[in-house]
Amino acid sequence: LSQQTNTLNSELFTLTYGALVTQLCKDYENDEEVNKQLDKMGYNIGVRLIEDFLARSSVGRCHDFRETADVIAKVAFKMYLGITPSVTNWSPAGDEFSLILESNPLVDFVELPDNHSGLVYSNLLCGVLRGALEMVQMAVDVKFAQDTLRGDNVTEIRMKFIKRIEENLPAGEE
Amino acid sequence: MPVVNMAIFSVYIVNKAGGLIYQYDSYVPRSENEKTFSFPLDLVLKTHDERVVVAFGQRDGIRVGHAVLSINGVDVNGRYTSDGKEVIEYLKDPTNYPVAIRFGRPRLSSNEKLMLASMFHSLFAIGSQLSPEERSSGIEMLETDTFKLHCFQTLTGIKFIILADPRQAGIDSLLRKIYEIYSDFALKNPFYSLEMPIRCELFDQNLKLALEVAEKAGTFGPGS
């Protein structure tokens with residue numbers, strides 16, 4: 001099975017994402033609204049990306065949320081963004097964890113101006129994770145807890161397991 | 001003369017709700033016959049299930065139950081030709097003879113395929129319900145004396161189904177290859193809506209290519 005390695009220049013990727021965000025800012029003029037739109041777009045990417053991920057990696061179904069966290073950090077992030085965030089800060093119940101990102105290809109060269117202090121620049125990623133997991137029957141809440149663009153020391157994505165989606169379960173998953 | 005080995009017969013893709021979103025047939029039925037007839041027709045024809053079929057009379061490979069597939073080269077849809085002639089009436093008129101009629105096993109209509117796919121989707125779950133073990137997959141293979149049906153369900157609930165010659169090997173990896181082709185040419189086309197019928201030319205082309213490759217690689221044909 002041949003795999004096409006697309007060597008898309010990462011600068012072009014950064015510029016494309018930047019163009020997307022700035023256009024949304026012009027169109028909506030409101031940081032909260034832009035965040036929502038980024039999440040929505042991310043969701044639409046996620047529901048498609050999951051099939052590419054499953055078709056190309058050979059991961060099977062995860063048995064618990066910890067396995068899910070590992071697969072996201074070590075396989076998915078590596079495959080699509082070339083980075084491996086660390087998985088930390090587990091809640092006692094094991095239903096919440098953090099992904100700490102050392103670097104973020106979306107924000108290379110980006111600085112947030114003062115008038116966009118409410119903008120979650122990389123919010124697309126939250127939508128992608130939410131959409132992808134929904135397709136494998138997991139409802140999750142994903143948000144940025146810390147963002148280096150907004151002055152924090154690290155970039156932290158917080159993921160919380162809400163529930164298993166019981167409608168339209170594939171056979172054998174009951 | 002080279003024998004074309006059409007060992008992979010059909011591909012079906014069923015969405016999460018059991019709806020058929022893609023179907024491709026590549027077999028050439030071996031039982032089709034086109035013959036020229038003079039008046040009067042020595043076969044008795046009747047309408048059955050919205051098709052014109054042979055009710056009585058068998059000759060030259062034409063059997064009872066075979067449907068009229070074309071008249072003088074023009075395809076027949078149900079009881080009418082593509083150019084609007086009603087088949088049984090046309091064949092009653094001596095001035096229309098001699099006529100070339102192609103008979104063969106009636107092909108499944110697209111509605112029938114939709115229903116069968118939906119039925120398979122429901123049956124698929126029986127595999128895991130009947131299982132003595134706690135977690136079992138659904139039906140992965142269904143075998144008859146003329147074909148084997150292979151089914152692969154993704155973690156997201158989409159089913160890829162292939163009907164092939166029982167001797168054809170490599171279907172498992174072909175199923176996964178089709179999953180990749182789906183994730184590329186259907187899903188990465190932003191104008192394709194999820195769960196809807198797939199009408200993407202690039203998807204068709206790449207699927208056909210994958211089928212050809214698999215057939216060449218894995219057939220255990222006669223003489224091997």
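Not measured: the values here are computed from a predicted model. To find a chain, count down the sequence lines: A is the first, B the second, and so on, and within it residues start at 1.
For the pair B:Lys159 and B:Phe120, the cation-pi criterion (under 6.0 Å, within 45° of the ring axis) is not fulfilled.
The residues B:Arg167 and B:Asp165 are annotated as salt-bridged, a charged nitrogen and a carboxylate oxygen being separated by less than 4.0 angstrom.
Each of B:Tyr24, B:Tyr182, B:Phe124 was evaluated against B:Phe160; a single residue qualifies, B:Tyr182, per the ring-ring contact (aromatic ring centres under 6.0 Å, His included) test.
For a residue to count as touching a neighbouring chain, one of its non-hydrogen atoms must lie under 4.5 Å from one of that chain's; by this rule B:Asn189 touches chain A with the backbone only. Proximity to chain A (any heavy atom under 4.5 Å) is shown, for B:Ile139, by neither the backbone nor the side chain. No part of B:Ala210 comes within reach of chain A, as not one of its non-hydrogen atoms sits under 4.5 angstrom from that chain.
Between A:Gly118 and A:Arg150, the closest heavy-atom pair is CA-NH2, 4.0 Å.
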